[in-house]
Amino acid sequence: MSAALKTESFDIAAIRSDFPILSQTVHGKKFVYLDSGASAQKPRAVIDAMVNSMETQYANVHRGLHWMSERTSDAYEAVRDKTAKFINAASREEIVFTRNATESINLIAHTYGRAILQPGDAIVISEMEHHANIVPWQMLRDSHGVELRVAKITDSGEVDFASLEEKFADGKVKLLAITHMSNVLGTYAPVERLAKFAHAHHAKILLDGSQAVVHRQVDVQAIDADFYVFSGHKLYGPTGIGVLYAKRELLDAMPPFLGGGDMIASVSYERSTWAKPPYRFEAGTPAIIETIGLGAAIDYVEAIGFPAIAAHERALTDHALAVLSNIEGLHILGSAQDRGGVISFTMDGVHAHDIATLLDRQGIAVRAGHHCAEPLMGRLGVTSTARATFGLYTTMEEIDALATGLLRVKQVFA
Amino acid sequence: MSETAELYQTLIMDRTKNPRHAGKPAKFDLEGHGDNPMCGDRIHVYVADNGTRVNHESRGCAIMIASAELMADAVVGLTPDEVTERRMAFEAMVNSGTPNPALGDLNALSGVSEYRSRIRCATLPWSALAEALEGAK
Ligand SMILES: Cc1ncc(COP(=O)(O)O)c(C=O)c1O
């Protein structure tokens, strides 16, 4: 893509005006939101789609024979098509709606984990997982007798393939569950290579796409992912809607997660039979309005296009890495070759919470703490970090504001 | 600049940078600890010399360390019941943001009331001390 094209398709001022909240002030200061990695702000298109649905087209789905229910079901199901296309799933039936990435992983652990994995099988995760991709496997280990192994990362914050080889050596590993992009280090994992690696070892691969799906075009078929999960709320969509992608043959073999309405073919007191995927995994009334909101978020992101988004975020990240590394006493965690707009850092003599509070006073929102990745904090030798994360609406000026803000923090602690 | 530093006023920064009650004493009578799982802050509080000396071992933010320091100043010579009373007054003060003349230097922390997520940083040392005193009962 040429530079001219790039600027034409990416008008940052216009984009920012799509997000009503960005014109808010905090403590009387311009609101600088650098916490999109925790949850992204919502464009007008998403807000309107949800409101519009509630105002003009709403009823329960898959149930009513009346006009309103049929229209609502159509709108809901259209988002399944859209989501399938968004990540290039081979079919719409491979898209299961959940509440969030966390629920998607728990669903896999409960169903695939209990029915397909056998006691004695092993699961491998990496040292840079979010708690959402650790705890469900620990619970499965304790209830089902599978083994949980942790592959190392290198000091630069990248997947250590030598460690992976070692973890897979005895042939017991049946599942590799790993993040597509670290929510602490910003590292992108080499997912195609990891999928090849897992498959060569007769294991399936689950990718936690919570962070990655926001910044890059994801093609689950090109990656050859067996499972791929993400949340709507980090993708400029609403909370309460998440996605589980799984290859059709895997979903077919998986028993239900929750029982209730919508997930059955037939029910009698003696026995019920399960609906086909994806409905088998969607018990009860789903998050209808939120799903419609997710559809609008996907449309929004696709209208801008990932080439433009990625180029903008690449420039932001390069700029941020440059200005932050100029601040004496500031340490950026990780130095992966392939990294995106997630930057965690520490400052000598200043606790991450103090950094966050002092930045907040200047209107700048960053996250501080362990970022739901306590084991990774241990691996990095820190207890908490501050973290700035970027979205498609983040500007260079906001990065400069962060740098200026951090210099003030330094003054307070000087 | 001033508004960024309100909470981080001289007394707090001074006690954070130059703590007077930090470190585990060789001998102590009671011990309590506090954890904030949200941020990984951790404190151990030691009561020594029949309650006349309180020390802390802290890993955490400026607010927590300053609070531990000011607490150690404030509880010298108090009975366990008086400590409880002071703790309740302190918690009320940091929640409301209204300084309480009876609390003296502890009022330096009244500014945390504006930062809901930081109130726990200020109260954690007091919870740890309460745990230590529980051990005495
Ligand atoms: C890498 C990663 N995985 C999983 C999650 C969990 O997402 P959610 O809380 O939406 O389920 C997050 C969000 O913080 C994340 O960054």
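The figures that follow rest on heavy atoms only: side chains count, while hydrogens, waters and symmetry mates do not. Below, read A as the first sequence line, B as the second, and so on, with proteins coming before strands; counting in each chain starts at 1.
For the side chain to side chain donor-acceptor pair (under 3.5 Å) test, residues two or more places apart in sequence or in another chain that qualify with His21(B) are Asp73(B).
Contacts of Asp41(B) with chain A are made by side-chain atoms alone, with heavy-atom separations under 4.5 Å and no backbone atom involved. Neither the backbone nor the side chain of Arg42(B) has a heavy atom closer than 4.5 Å to any heavy atom of chain A.
The local environment of CG in Asp35(B) is crowded, with over 12 non-hydrogen atoms from other residues, nucleotides or ligands closer than 6.0 Å. For Arg99(A), the CZ atom is loosely surrounded, since the number of other residues' heavy atoms within 6.0 Å does not exceed 12. Within a 6.0 Å sphere centred on CE of Met88(B), other residues, nucleotides and ligands contribute 12 heavy atoms or fewer. Atom CG of Asn50(B) has 12 or fewer neighbouring heavy atoms from other residues, nucleotides or ligands inside a 6.0 Å radius.
Formation of a donor-acceptor pair under 3.5 Å by the Lys17(B) side chain with backbone atoms of Gly349(A) is not found in this model.
Remark: Glu114(B) CD to Arg361(A) CZ distance equals 4.5 Å, nearest 0.5 Å. In this structure, OG1 in Thr357(A) is found 4.0 Å from OH in Tyr8(B), a value given to the nearest 0.5 Å.
Of all the listed residues (Ser117(B), Cys61(B), Cys121(B)), the one sharing the greatest number of non-hydrogen pairs under 4.5 Å with chain A is Cys61(B).
Nearest approach of His351(A) to Gly60(B), heavy atoms of both residues: CD2-C, 3.1 Å. Minimum interatomic distance between Val412(A) and Met13(B) (heavy atoms only, all atoms of both residues): O-CE, 3.6 Å.
With respect to Asp354(A) and Arg118(B), a salt bridge is recorded, a charged nitrogen being found less than 4.0 Å from a carboxylate O.
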